[in-house]
Amino acid sequence: MNTKPEDEKAKEVAEEAHGFWMEVGRTLDVWQRVEEKLCDIFVTIVQSSVDDVVRGAFYKVININTKRDMIKVALSIRVEDGELNSRWKNLSEKVGVQARKRNELAHGTRWDNNGRSVMGPHFSNITARERYMLS
């Protein structure tokens with residue numbers, strides 16, 4: 001049976017899209033582990049006798065920048081070590097950069113230099129034929 005070039009192209013596009021979405025899924029999974037480690041840092045700094053309450057409060061906050069600020073404030077209250085605070089600042093800045101990349105992947109959103117959200121190329125803009133091939 002001969003297949004039409006369009007069918008071959010559609011199949012190729014579908015395979016590429018599938019691979020792309022698998023990578024997006026893996027990336028979001030890794031990001032979840034980053035947030036778990038941030039929570040661990042917060043719990044360690046707060047040193048509560050009820051870790052579940054502290055974890056619950058941390059995860060209730062959705063915004064990653066607010067989570068970073070929570071750690072910064074807790075660290076500045078608990079620790080006077082300037083080097084440790086400096087290391088957190090550097091790590092927090094790296095998390096911020098990666099958070100922007102994560103948001104672009106997860107939501108198709110980018111941020112301009114003024115902190116305003118700008119819709120970028122949204123990954124769900126695929127043709128009906130490509131959607132069919134992915135299902």
Side-chain angles (χ1 to χ4, degrees):
M1 175 170 121
N2 285 341
T3 57
K4 295 179 184 176
E6 306 90 48
D7 291 339
E8 287 297 319
K9 181 64 176 170
K11 183 178 178 184
E12 182 181 316
V13 168
E15 288 172 359
E16 287 177 17
H18 178 74
F20 171 79
W21 285 112
M22 291 296 291
E23 286 303 313
V24 168
R26 277 191 277 276
T27 301
L28 295 177
D29 182 58
V30 168
W31 181 256
Q32 181 58 41
R33 285 186 249 147
V34 168
E35 290 214 26
E36 288 170 3
K37 293 304 174 190
L38 291 175
C39 184
D40 290 344
I41 291 169
F42 185 68
V43 168
T44 300
I45 295 167
V46 172
Q47 299 176 356
S48 171
S49 62
V50 190
D51 285 354
D52 290 345
V53 172
V54 177
R55 285 183 186 283
F58 186 83
Y59 283 119
K60 183 66 177 170
V61 173
I62 295 171
N63 186 288
I64 191 65
N65 295 324
T66 304
K67 289 178 179 184
R68 291 168 46 214
D69 286 343
M70 289 170 64
I71 294 171
K72 177 183 172 184
V73 168
L75 189 61
S76 69
I77 291 169
R78 286 281 188 184
V79 179
E80 293 184 21
D81 183 346
E83 181 183 341
L84 189 57
N85 283 294
S86 177
R87 287 176 63 195
W88 166 250
K89 181 180 178 189
N90 290 336
L91 178 60
S92 179
E93 288 170 359
K94 289 177 184 178
V95 168
V97 168
Q98 297 306 316
R100 286 187 286 282
K101 291 178 183 179
R102 179 261 180 212
N103 288 342
E104 186 174 343
L105 272 177
H107 307 295
T109 302
R110 289 192 244 171
W111 302 92
D112 68 13
N113 291 334
N114 297 315
R116 294 180 301 232
S117 108
V118 179
M119 289 309 291
H122 202 282
F123 303 114
S124 64
N125 293 336
I126 60 175
T127 66
R129 184 182 186 98
E130 291 166 350
R131 279 194 199 100
Y132 172 77
M133 294 300 290
L134 287 171
S135 60

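Remember, it's a predicted structure, so these values are computed and weren't measured experimentally.
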Other hydrophobic cluster members with [X], side-chain heavy atoms of Ile/Leu/Val/Met/Phe/Trp/Tyr under 4.5 Å, chained?
X	result
V50	V53
V61	W31, V34, L38, I41, F42, V43, I45, V46, V54, F58, Y59, I64, M70, I71, L75, V79, L84, W88, L91, V95
V73	I77

*Who pairs with R55 by side-chain hydrogen bond (donor to acceptor under 3.5 Å, both in side chains), at least two apart in sequence or on another chain?*
D40

*Partner residues of D69 under the side-chain hydrogen bond (donor to acceptor under 3.5 Å, both in side chains) criterion, sequence neighbours left out*: none

*Reported CZ-to-CG distance for the pair R102 and L28, which is rounded to 0.5 angstrom*: 6.0 Å

_Nearest 0.5 Å, please: how far is CD in Q98 from CG in N103?_
11.5 Å

Looking at residues at least two apart in the chain, or sitting in another chain, which of them share a salt bridge (charged side-chain N to carboxylate O under 4.0 Å, His left out) with [X]?
X	answer
E35	K67
D29	R33
E23	R26

*Looking at R68 and G96, what are the two nearest heavy atoms and their distance?*
NH1-CA, 3.4 Å

_Any pair counted as salt bridge (Lys or Arg N to Asp or Glu O under 4.0 Å), so long as it reaches residues 71-96, sequence neighbours left out_ = none

*Please identify each residue that fulfils side-chain contact (heavy atoms from CB on, under 4.5 Å) with N63, with sequence neighbours left out.*
N65, T66

*asked:* Do K101 and V97 have side chains that approach each other closer than 4.5 Å (heavy atoms only, starting at C-beta)?
replied: yes

*If a pair satisfies ring-ring contact (aromatic ring centres under 6.0 Å, His included) and one of its residues is in residues 61-80, list it, with sequence neighbours excluded.*
none

